[in-house]
Amino acid sequence: MGVNLRDILERDEIRLDSLAGKRVGVDAFNTLYQFLSTIRQKDGTPLMDSKGNVTSHLSGIFYRNVRLLEHKLLPVYVFDGEPPSLKEDTIKERKERKEEARKKWRAAIVAGDLDRAKTYSQATSQLDKKMIDESKKLLDVLGIPHVQAPSEGEAQAAYMCKKSEINVVASQDYDSLLFGSPILVRNITISGKRKVPRRNMYVRVHPEKMVLQEQLERLGISLENLIEIAILTGTDFNPGIKGVGAKTALKVIKKDGFEAAIEKYDFQVDPYAVKKIFTNPETTDDYKLSWGFPDEEKAIELLHEKHEFSRERITNALSKLEEATGSRDQTSLDSW
DNA sequence: CTAGGGTA
DNA sequence: TACCCTAGG
């Protein structure tokens, strides 16, 4: 998934409340896949209504965003559009891996190994058009804006952040930094202990932030260099050089530069074409950001009447939210 | 993932 | 109250 720059980037722990009043551009696909993979039953079956429609993503969107709004964040979801053609191999590979995981999931169920079943099931998550459309509809119901990117969502979010139309980009992946996003936040709302699967262990997970300029200064490189490092280690658009991780790539780029690295290593994809995706991505100005109040009636219609969520849980969540945000009226909300 | 109920 | 576990759809 994305680029692996973890080994050279430093993360600052933050509190969710430090994002109060901030416009947070959320990588929608990244978030939806997370919900689809984690919100599952013991044997790995996702949540579904009685007609067999998967509802894990709707559950995730609903509770996550009620929580974000309670903390006074202003989320805007940025959806992926058409992937660049260089992503085709990655997409194909992911599809194959999902089919493989699906087989292993079935086998684990037959063997009665629930832990393994759940682990494999998590790698099978697929988003279809209906799920994407319904996710957008639920965001509408919650009064949360969404933007349709022409191509990569992270590129669009980075563009909006550069223009200061949003304050930060939220994603688990680091790609938005390569697209020039000034600030990336990870683990939004995830706080406290989380169980490590298959092990009787817990890890503490906190929201964290990275400021692009600070990272570059600390590493003594330019954004262009960071992109070059990513290309050496591998991105969604090229396989990268075997045996070269972020730390080695950093050394190579700082010592010899990109040209020399291209001479030295055997690239299967034109590294300049990959570079161009990050330096000159497709973006749009065709969006409007405005936040409204959640519509309880419509939430009940979509989640309870259509997908059989508990009515009480929905009304509970929304009235708690109203308590937290009740002092604002519609006009002040728009200028949040 | 989060909510909510059970337990120390 | 703090933590743990499980259901949710």
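Atom set for the values below is all heavy atoms of this structure, side chains included, hydrogens, waters and symmetry mates excluded. Everything quoted here is computed from the prediction, not taken from an experiment. In the text below, chain A, chain B and the rest are named by the order of the sequence lines, each starting its count at 1.
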When you group the ILVMFWY residues by side-chain heavy-atom contacts below 4.5 Å and let the links chain together, are A:V54 and A:L139 in the same group? yes
Distance in angstrom units between A:F62 CZ and C:dG9 C1', rounded: 14 Å
Assign A:L58 to base, sugar-phosphate, or nothing according to its heavy-atom contacts below 4.0 angstrom with the strands shown. nothing
Just by distance, do the side chain of A:N30 and the backbone of A:Q172 share a donor-acceptor pair under 3.5 Å? yes
Side chains of A:K118 and A:Q41: is there a donor and an acceptor less than 3.5 Å apart? no
Roughly how far, to the nearest 0.5 Å, is the OG atom of A:S176 from the CG atom of A:D27? 8.0 Å
Name the nucleic acid region contacted by A:T38, choosing base, sugar-phosphate or nothing; use a 4.0 angstrom heavy-atom cut-off, strictly under. base
If you look at every strand shown and take non-hydrogen atoms under 4.0 Å, does A:T189 touch a base, only sugar-phosphate, or nothing? sugar-phosphate
Separation of atom CG in A:L16 from atom P in B:dT2, rounded to whole Å: 10 Å
What is the distance from CG of A:D49 to P of C:dA7, rounded to the nearest Å? 20 Å
Nucleotide nearest A:K42 when distance is taken to its side chain, options B:dC1, C:dA7, C:dG9: C:dA7
How would you label the contact of A:N53 with the nucleic acid (heavy atoms, under 4.0 Å): base, sugar-phosphate, or nothing? nothing
Could you walk me through whether A:F79 and A:F29 satisfy the side chain to side chain contact (heavy atoms under 4.5 Å, CB included) test, starting with their C-alpha distance in whole Å, then the side-chain angles of each, then the deciding distance to 0.1 Å, before giving a yes or no? CA-CA 6 Å; A:F79 285 81; A:F29 273 32; 3.8 Å; yes
Round to a whole Å and report the spacing from NE2 of A:H57 to P of C:dG8. 19 Å
According to a strict under-4.0 Å criterion, is A:N316 in side-chain N/O contact with OP1 or OP2 of B:dG4? yes
B:dT2, OP1 or OP2 - any side-chain N/O from A:R64 closer than 4.0 Å? yes
Send over the distance from A:E312 CD to B:dG5 P, rounded to a whole Å. 8 Å
So, is A:R40 close to the C:dG9 phosphate, meaning a side-chain N or O under 4.0 Å from OP1 or OP2? no
For a quick check of understanding: with a heavy-atom distance under 4.0 Å over all strands, which category does A:S310 fall into, base, sugar-phosphate or nothing? sugar-phosphate
A:D43 has an atom CG; how far is it from atom P of C:dG8, in whole Å? 14 Å
At 4.0 Å (heavy atoms only), tell me whether A:Q41 reaches a base, stays on the sugar-phosphate, or touches nothing. base
Nearest-Å distance for atom pair CG/P, residues A:L303 and B:dT2: 16 Å
What is the distance from CZ of A:F309 to P of C:dA7, rounded to the nearest Å? 17 Å
Selected nucleotide, minimal atom distance to A:H307 side chain, candidates B:dC1, B:dG4, C:dG9: C:dG9
